[in-house]
Trainee: 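Below you will find the structure I want to go over with you.
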Amino acid sequence: MTNRFKGPASALALLVLALLAWGAIAAVAPPAPAPATAPADTFSAERARVHQERVSEKPHPTGSPAAADVRRYIVDQLASAGIDTRIQDAVGSTTALGGASSARVQNVIATLPGSDSSGTLFLVAHYDSATISHGAGDDGAGVATLLETARAVRAGAALRNDVVLLFTDAEEACLCGAEAFVTQDGLAAKGGVVLNFESRGSSGPSIMFETNRGNSDLMSLYGAAVPSPVATSFAVEVYRKLPNDTDFSPFRDAGGFTGLNSAYIDGSATYHQPQDDAAHQSPASLQHMGANALAMTRAFGAADIATLKEPTGADATYFPVLGRLVRYPGGFVWPIALLALLAVGAAAVVLRRERTTTPRLVGCIAWGLVPFVGAAAVALAIWKGLVLVQPEYGRFADPWAPGWFRVAVVALVLTVVLAWITLLRGRFGVEELTVGALFWLAALGAVLAALAPGGSYLAALPALAGALAVIVDVRTRWGLPAHLAAGAATVAVLAPTVALFFPAMGLRMAAPSALLTAVIAVVLLPLVDGLFPAATDGPRATVRAIPALSAALVAVVAVCAGVAANHPTAAHPTPVNMQYALDADAGRAYWVRSGDDPTGWSDALVRTRADLSAEFPMLDEETVGDAPVPALTPADVQVVSERVENGDRVLQVRIHSTRGARVLQLTQQEGVVRAASVRGRDVPVGDRFSLLFHGLPEEGLDLSLTVRGTTKLRLRVEDASDGIDAVPGFLRRPDGVDAQGDHTAEMAIVSRTVTL
C-alpha cells in the first residue's frame with residue numbers, strides 16, 4: 001500500500017505544523033518586562049524588581065533577624081502607600097509536612113476596602129525563605145507581585161470588593177503562617193476567593209497550576225481576564241496527587257474558600273538554593289506573574305465573590321492554545337472520550353472494508369503500543385544514563401541548563417517512532433499503523449476520564465482528530481488536508497503542554513513530555529511517511545532508515561552539548577547537604593551529611609553510615625564523621641510551675657536558646673504526654689509526643705504539658721542555629737560545590753536529655 005501524497009506536499013504540511021508548534025510554544029512564553037515608565041495603572045516588572053531585590057538581599061528563614069528586616073520593609077512600603085496594615089502575631093500549627101510542626105508567625109495583613117463589597121479577595125505570598133536561600137523567586141517574586149499589584153490597583157478606579165494582601169510567615173517551615181491566618185484571624189471567618197503566588201525556579205511562564213475542586217466559574221473568569229493565560233487542567237489533576245503543599249493548602253482545606261495558585265517553575269536548580277537570588281531571576285517571568293495577578297485582581301475585585309467562593313458542581317477542562325485558554329465543562333469529558341473510541345473503531349471498520357484484514361489490524365494494535373512505551377523508556381534511560389555519567393545531576397530534578405537535554409528527549413522519542421515505522425512499514429500500511437496506535441490513545445482517554453478527567457483531552461482529542469483524518473483519507477481524495485487539520489489540532493493542543501511539563505516534572509521525570517511527543521508523532525505519521533520512498537527491499541529500505549538515524553544523531557549531539565553546558569562551576573555548583581550535631585550529654589559531636597557527595601569534597605569530614613535518630617530526632621541514618629566539640633550551649637529548660645490535676649501532672653515549661661537557635665525539636669523518651677499546647681495553641685499528641693517548632697522566640701518558648709500520672713517525663717531537646725562555617729574544622733567548599741537547600745540545611749544542632 002502506498003501513500004497517495006508524497007514529497008513536496010508532505011514536506012510543506014510538516015513545515016506548516018513545525019511553525020505552528022513554534023508559535024504555540026511561544027504563546028506560553030512570558031512577555032517582555034514592562035519598564036518603570038509604564039503607565040501607573042499597569043504592572044511593571046522593573047518597578048516590582050526593586051522589591052524583589054530588596055527582600056532577597058540575604059537568606060531570611062522564619063524567626064531570623066533577616067526575616068524581621070523583610071517584614072519591616074513590607075510594612076513600610078504599604079504604609080507609605082497609605083494602605084491600612086497590621087501584623088498578626090500568632091502560633092501556627094500543622095501536620096502538613098509530616099509530624100506536628102508549629103511556628104511563631106508574624107503575618108503582614110493589609111486591606112484595600114471595596115466600594116460595594118460582595119466579599120473578600122485574598123492575595124497571598126509568603127515572605128520567609130528556605131534556610132540558605134535568598135528567596136528571590138521563592139517567594140520574593142510573590143511579595144514583589146503583591147506590592148506592585150497593590151500600587152497599580154490604587155492608581156486606578158476603586159474595586160467593588162475588599163482586597164486583603166496577606167504576606168505570610170513560616171510557609172517554608174510548615175505552612176504555619178497561612179494556617180494561623182485561616183484559623184485565627186477574623187478576616188478569614190467569612191471565606192472568599194484566594195489568589196496565591198509562588199515560584200519554584202527562576203524563569204518560565206507563570207502557570208496557574210492548582211485550583212479548588214469545582215472550578216468552572218473561576219476558570220471562566222480567569223480565562224477571560226488574564227492577558228496571557230497559561231494553565232492546563234491536567235496539571236491540576238497531577239498536582240492533586242502529589243505530596244506537595246503551598247500556602248494555598250490551608251485555605252483549600254478549611255472550606256469557605258475557592259481560589260487559584262500560580263507559580264513560575266523553570267530553572268528549578270535554583271529552588272531553595274543560595275542561587276535563588278535576584279541575579280538569577282527572569283524579569284519576564286515576574287512580568288508574566290504580575291500582569292496576570294493584576295488582571296485577576298481587577299476581574300475578581302469586580303465579580304460577585306459571594307457566588308464565586310462556593311465551588312461549582314464540576315471541574316472544567318482547559319488548556320492553552322495560541323494565547324487563549326480553551327475550556328469546556330467537565331460534563332463534556334466522557335462524551336469526547338467515547339467519541340474518540342467510536343472514531344477509532346469506525347476508522348478500523350473503514351480500513352477493514354477498504355484496504356486490510358482483521359488479523360492485520362489486530363497486529364497493528366499490538367504493535368501500536370511500542371511508540372508510547374518506547375517514549376517513556378527513553379525518557380527514563382536518558383536520565384539514568386546522565387546520572388551514571390554525571391552523578392551530580394542526581395541532586396536536581398532538572399540540571400542547571402536543561403534545554404539541550406530536553407531536545408535530546410524529544411529527538412530520542414522521534415527516533416523510537418521513526419524506527420518503529422521504518423521496521424514495520426514493509427508489513428503494514430501507514431494508515432493501519434496509525435489506527436493501531438490511536439487505539440491505545442483512545443483507551444487512555446477513557447481511562448483518564450475515569451481517573452483524572454482534566455487530563456483526558458490529552459489523549460482523547462488527538463485520537464479523535466487522527467481517526468477522523470484516516471477515515472477521510474481512505475474514503476476521499478482529501479487525505480492531505482484532513483491529516484494536516486488533525487496534525488494542527490494535535491500540535492496546537494499538545495506542543496505547549498510538552499513545553500510546560502518538562503520544567504514541571506523535571507528531567508528526572510520527563511516521561512509525560514516524552515509520551516505527549518510520541519502522541520504528536522503518531523498523529524503525524526501519514527504526513528511523515530509521505531516524505532520517504534515506498535517500503536521495499538534493497539537500497540530504498542536503507543534510505544528509509546535515514547530519518548531515524550538523523551533523529552538519533554540529533555539526540556547524541558544534544559546530550560553532548562547538555563553535558564558541556566552543565567559542567568559544575570561556581571555559577572552552576574553541585575550541592576552537598578552538611579550539618580553539625582553535638583550531643584551535649586555525651587560530649588560528642590559529628591559532621592553529618594544527608595545524601596551522597598559526588599564531588600568527594602566532604603569525604604574528609606564524613607566516613608561512615610550511622611543512625612543518629614536516637615540522639616538527634618531531627619536526623620536519620622546519615623553519613624557521619626567525628627567533629628570538634630566547641631562551646632555550643634544546649635537549650636535551657638525550666639519548669640515555671642507544676643500542679644496535679646485529675647491525677648496528672650500539668651507542667652508550665654519555658655525553653656530558651658542562649659545562642660539564638662531558630663528551630664526546636666522536642667521528643668518524648670519516657671513518660672506519656674496526654675496534651676500539649678504552645679501559647680494557647682493545642683499541639684497534636686499521638687502515641688509519642690513530638691514537636692518541631694520554628695521561629696523560637698528570643699525570650700523563650702512557653703509550653704504547657706499534661707503528663708499522665710505523677711511519673712517523671714524525659715524529653716530529648718534539640719535546638720538548631722543557622723550556619724556551620726564557623727565551627728572549628730569545617731572545610732571550605734571549593735568552586736563548583738555549594739550548600740544544598742533544605743529546611744535544616746547548614747544548621748548546628750545541639751541535643752540533650754532533660755527530666756521533668
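Computed from heavy atoms alone, side chains included, the values below leave out hydrogens, waters and symmetry copies. This structure is a prediction, so every number in the text was calculated from the model and none was measured.
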Trainee: Would N261 and E210 count as having a side-chain donor-acceptor pair, cut-off 3.5 Å?
Mentor: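 Indeed, the side chains of N261 and E210 share at least one donor-acceptor pair under 3.5 Å.
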
Trainee: Which heavy atom in F616 sits nearest to a heavy atom in L582, and how many Å separate them?
Mentor: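 Shortest heavy-atom contact: CE2-O, 3.3 Å.
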
Trainee: May I ask you to decide if F689's main-chain N or O and Q668's side chain share a donor-acceptor pair within less than 3.5 Å?
Mentor: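 It does hold such a pair.
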
Trainee: Mind running salt bridge (charged side-chain N to carboxylate O under 4.0 Å, His left out) on R662 and D719 for me, showing each step along the way?
Mentor: CA-CA 7 Å; R662 288 191 309 100; D719 63 347; over 6 Å; no

Trainee: Decide yes or no for T95 and S101: does some side-chain heavy atom of the first lie under 4.5 Å from some side-chain heavy atom of the second?
Mentor: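 No, too far: nothing below the 4.5 Å cut-off.
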
Trainee: Pick one: which of F405, W383, W400 meets ring-ring contact (aromatic ring centres under 6.0 Å, His included) with Y393?
Mentor: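 So the option named by the test is F405.
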
Trainee: Please assess T706 against R674 for the test side chain to side chain donor-acceptor pair (under 3.5 Å), listing each intermediate value before the final yes or no.
Mentor: CA-CA 5 Å; T706 301; R674 290 187 183 275; over 6 Å; no

Trainee: Is the shortest side-chain N to carboxylate O distance from D89 to R679 below 4.0 Å?
Mentor: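 Salt bridge present between D89 and R679.
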
Trainee: Can you tell me if D169 and T62 form a side-chain donor-acceptor pair at under 3.5 Å?
Mentor: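 Indeed, the side chains of D169 and T62 share at least one donor-acceptor pair under 3.5 Å.
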
Trainee: Measure across P568 and G736 and return the closest heavy-atom pair with its distance rounded to 0.1 Å.
Mentor: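 Nearest heavy atoms, P568 then G736: CB-O, 4.1 Å.
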
Trainee: Is it true that a side-chain atom of D76 and a backbone atom of A79 form a donor plus acceptor pair closer than 3.5 Å?
Mentor: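 No; zero donor-acceptor contacts below 3.5 Å.
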
Trainee: Side-chain contact, heavy-atom cut-off 4.5 Å: L666 with I655?
Mentor: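 L666 vs I655: side chains touch.
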
Trainee: List the steps and the verdict of side-chain contact (heavy atoms from CB on, under 4.5 Å) for V105 and V91.
Mentor: CA-CA 6 Å; V105 300; V91 170; over 6 Å; no

Trainee: Could you walk me through whether D725 and R732 pass the salt bridge (charged side-chain N to carboxylate O under 4.0 Å, His left out) test, one step at a time?
Mentor: CA-CA 8 Å; D725 288 5; R732 186 185 68 84; over 6 Å; no

Trainee: Apply the test salt bridge (charged side-chain N to carboxylate O under 4.0 Å, His left out) to residues D583 and R588: give CA-CA distance (whole Å), side-chain angles for both, the deciding distance (0.1 Å), then the verdict.
Mentor: CA-CA 5 Å; D583 183 345; R588 186 175 182 184; over 6 Å; no

Trainee: Quick one: do F209 and Y239 satisfy ring-ring contact (aromatic ring centres under 6.0 Å, His included)? Show the steps, please.
Mentor: CA-CA 7 Å; F209 65 94; Y239 191 81; 4.9 Å; yes

Trainee: Does a donor on one side chain sit under 3.5 Å from an acceptor on the other, for E622 and S594?
Mentor: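 Per modelled atom types, E622 and S594 side chains form a pair under 3.5 Å.
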
Trainee: Where the side chain of R752 meets the backbone of A635, is there a donor-acceptor pair that is under 3.5 Å apart?
Mentor: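 Indeed, once roles are kept as given, a pair shorter than 3.5 Å links the two residues.
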
Trainee: Would you compute the distance between atom CG of L147 and atom CD1 of I74 and round it to the nearest 0.5 angstrom?
Mentor: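 Here the interatomic distance stands at 6.5 Å.
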
Trainee: Return yes if some donor-acceptor pair links the side-chain N/O of T94 with the main-chain N/O of C174 below 3.5 Å, else return no.
Mentor: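 Between the backbone of C174 and the side chain of T94 there is a qualifying donor-acceptor contact (under 3.5 Å).
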
Trainee: With side chain to side chain donor-acceptor pair (under 3.5 Å) as the criterion, how do H60 and Y127 come out once you've worked through the C-alpha distance, each side chain's angles and the decisive distance to 0.1 Å?
Mentor: CA-CA 8 Å; H60 46 282; Y127 71 84; over 6 Å; no

Trainee: Is there a side-chain contact between M578 and I724 (heavy atoms, below 4.5 Å)?
Mentor: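 Touching, per the 4.5 Å side-chain cut-off.
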
Trainee: Could you check whether any side-chain heavy atom of L612 comes within less than 4.5 Å of a side-chain heavy atom of V592, counting everything from C-beta outward?
Mentor: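 Sidechains of V592 and L612: in contact.
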
Trainee: Using only heavy-atom distances, determine whether the side chains of S690 and Q665 contain a donor-acceptor pair under 3.5 Å.
Mentor: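 Indeed, the side chains of S690 and Q665 share at least one donor-acceptor pair under 3.5 Å.
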
Trainee: Has S133 got a side-chain atom pairing as donor or acceptor with S129's backbone, closer than 3.5 angstrom?
Mentor: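 Looks like no, no N/O pair under 3.5 Å.
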
Trainee: Check step by step if side-chain contact (heavy atoms from CB on, under 4.5 Å) holds for L605 and Y590.
Mentor: CA-CA 9 Å; L605 297 174; Y590 307 88; over 6 Å; no

Trainee: How about H126 and D138: does a side-chain donor come under 3.5 Å of a side-chain acceptor?
Mentor: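 There is such a pair between these side chains.
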
Trainee: Within the 3.5 Å criterion, strictly below it, is a donor on E198 or T246 matched to an acceptor on the partner's side chain?
Mentor: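 The criterion, which ignores hydrogens and geometry beyond distance, is not satisfied for T246 and E198.
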
Trainee: Indicate the ring-plane relationship of F730 and W591, choosing parallel, tilted or perpendicular according to the 30° and 60° boundaries.
Mentor: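 Ring orientation of F730 relative to W591: tilted.
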
Trainee: For a side chain to side chain donor-acceptor pair (under 3.5 Å) check, start with the C-alpha distance between T574 and T599, then their side-chain angles and the critical distance, and finish with the verdict.
Mentor: CA-CA 8 Å; T574 299; T599 72; over 6 Å; no

Trainee: Tell me if a side-chain donor or acceptor on D735 pairs with a main-chain N or O of A570 at a distance below 3.5 Å.
Mentor: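 No, the answer is negative, given that no donor and acceptor are paired below the 3.5 Å cut-off.
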
Trainee: Checking S93 against R681: is there a side-chain donor and acceptor pair closer than 3.5 Å?
Mentor: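 No, no side-chain donor-acceptor pair sits under 3.5 Å.
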
Trainee: How close do Y580 and P630 get, heavy atom to heavy atom, and via which atoms?
Mentor: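 Nearest pair, atom of Y580 first, then P630: OH-CD, 2.7 Å.
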
Trainee: Between R104 and F693, is there a donor-acceptor pair closer than 3.5 Å when you use the side chain of the first and the backbone of the second?
Mentor: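 Not a single qualifying donor-acceptor pair exists.
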
Trainee: What heavy-atom pair brings L286 and A144 nearest, and what distance separates the two atoms?
Mentor: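 So the minimum-distance heavy-atom pair works out to CD1-CB, 4.4 Å.
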
Trainee: Quick check: does any side chain N or O of Q579 sit under 3.5 Å from a backbone N or O of T744, one acting as donor and the other as acceptor?
Mentor: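 Yes, because the side chain of Q579 sits within donor-acceptor range (under 3.5 Å) of the backbone of T744.
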
Trainee: Begin from the C-alpha positions of S613 and D620 and carry the test side chain to side chain donor-acceptor pair (under 3.5 Å) through to its verdict.
Mentor: CA-CA 5 Å; S613 59; D620 205 336; 5.0 Å; no

Trainee: Between the side chains of Q275 and H572, is a donor N or O closer than 3.5 angstrom to an acceptor N or O?
Mentor: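 No, H572 and Q275 have no side-chain donor paired with an acceptor closer than 3.5 Å.
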
Trainee: Check each of D185, V75, L78, N107 against R86 using the side-chain contact (heavy atoms from CB on, under 4.5 Å) test, and report the only one that passes.
Mentor: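 The option that passes is D185.
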
Trainee: Nearest heavy-atom pair of S285 and G204: which atoms, and what distance?
Mentor: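 The pair with the smallest heavy-atom distance is OG-O, 2.6 Å.
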
Trainee: Compute whether any side-chain donor of one residue and acceptor of the other, for T111 and D84, lie under 3.5 angstrom apart.
Mentor: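 Per modelled atom types, T111 and D84 side chains form no pair under 3.5 Å.
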
Trainee: Below 4.0 angstrom, N of the basic side chain to O of the carboxylate: do R200 and D266 qualify?
Mentor: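 Salt bridge absent between R200 and D266.
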
Trainee: With a 3.5 Å cut-off and no angle check, do the side chains of D636 and Q638 form a donor-acceptor pair?
Mentor: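 Yes, because at least one side-chain N or O of D636 sits under 3.5 Å from a partner of the opposite role on Q638.
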
Trainee: Donor-acceptor check, side chain of S677 to backbone of G680, threshold 3.5 angstrom: yes or no?
Mentor: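 Judged by distance alone, no pair lies under 3.5 Å.
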
Trainee: Between F257 and F122, what is the ring plane arrangement, given parallel below 30°, perpendicular above 60°, and tilted in between?
Mentor: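 Perpendicular: the ring planes of F257 and F122 meet at over 60°.
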
Trainee: Does a donor on one side chain sit under 3.5 Å from an acceptor on the other, for Q281 and Y264?
Mentor: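 Their side chains do contain a donor-acceptor pair, which is all the 3.5 Å distance test asks for.
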
Trainee: For the residue pair T633 / R659, report whether a side-chain donor-acceptor contact shorter than 3.5 Å exists.
Mentor: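 Short answer, no.
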
Trainee: So R151 and E148, salt bridge (charged side-chain N to carboxylate O under 4.0 Å, His left out) or not? Walk me through it.
Mentor: CA-CA 5 Å; R151 186 210 55 75; E148 171 67 0; 2.9 Å; yes

Trainee: Could you tell me whether the side chain of F396 reaches within less than 4.5 Å of the side chain of Q740, counting heavy atoms only?
Mentor: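 Q740 vs F396: side chains apart.
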
Trainee: So, T168 and D247: side-chain donor and acceptor under 3.5 Å apart, yes or no?
Mentor: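 Yes, side-chain donor-acceptor contact under 3.5 Å.
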
Trainee: Taking all heavy atoms of V750 and all of A584, pick out the closest pair and write down the distance.
Mentor: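 Residues V750 and A584, closest heavy atoms: CG1-CB, 4.3 Å.
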
Trainee: Heavy-atom distance under 4.5 Å between the side chains of F502 and P402, does that happen here?
Mentor: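 F502 vs P402: side chains apart.
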
Trainee: Check for a donor-acceptor pair, side chain of E642 on one end and backbone N or O of L651 on the other, with a separation under 3.5 Å.
Mentor: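 Pair absent, no side-chain N/O of E642 close to backbone of L651.
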
Trainee: With a 3.5 Å cut-off and no angle check, do the side chains of R609 and T623 form a donor-acceptor pair?
Mentor: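 Yes, side-chain donor-acceptor contact under 3.5 Å.
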
Trainee: Using a strict threshold of under 4.0 Å (side-chain N to carboxylate O), is an ion pair present between R54 and D69?
Mentor: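 Between R54 and D69 there is a salt bridge, with a charged N closer than 4.0 Å to a carboxylate O.
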
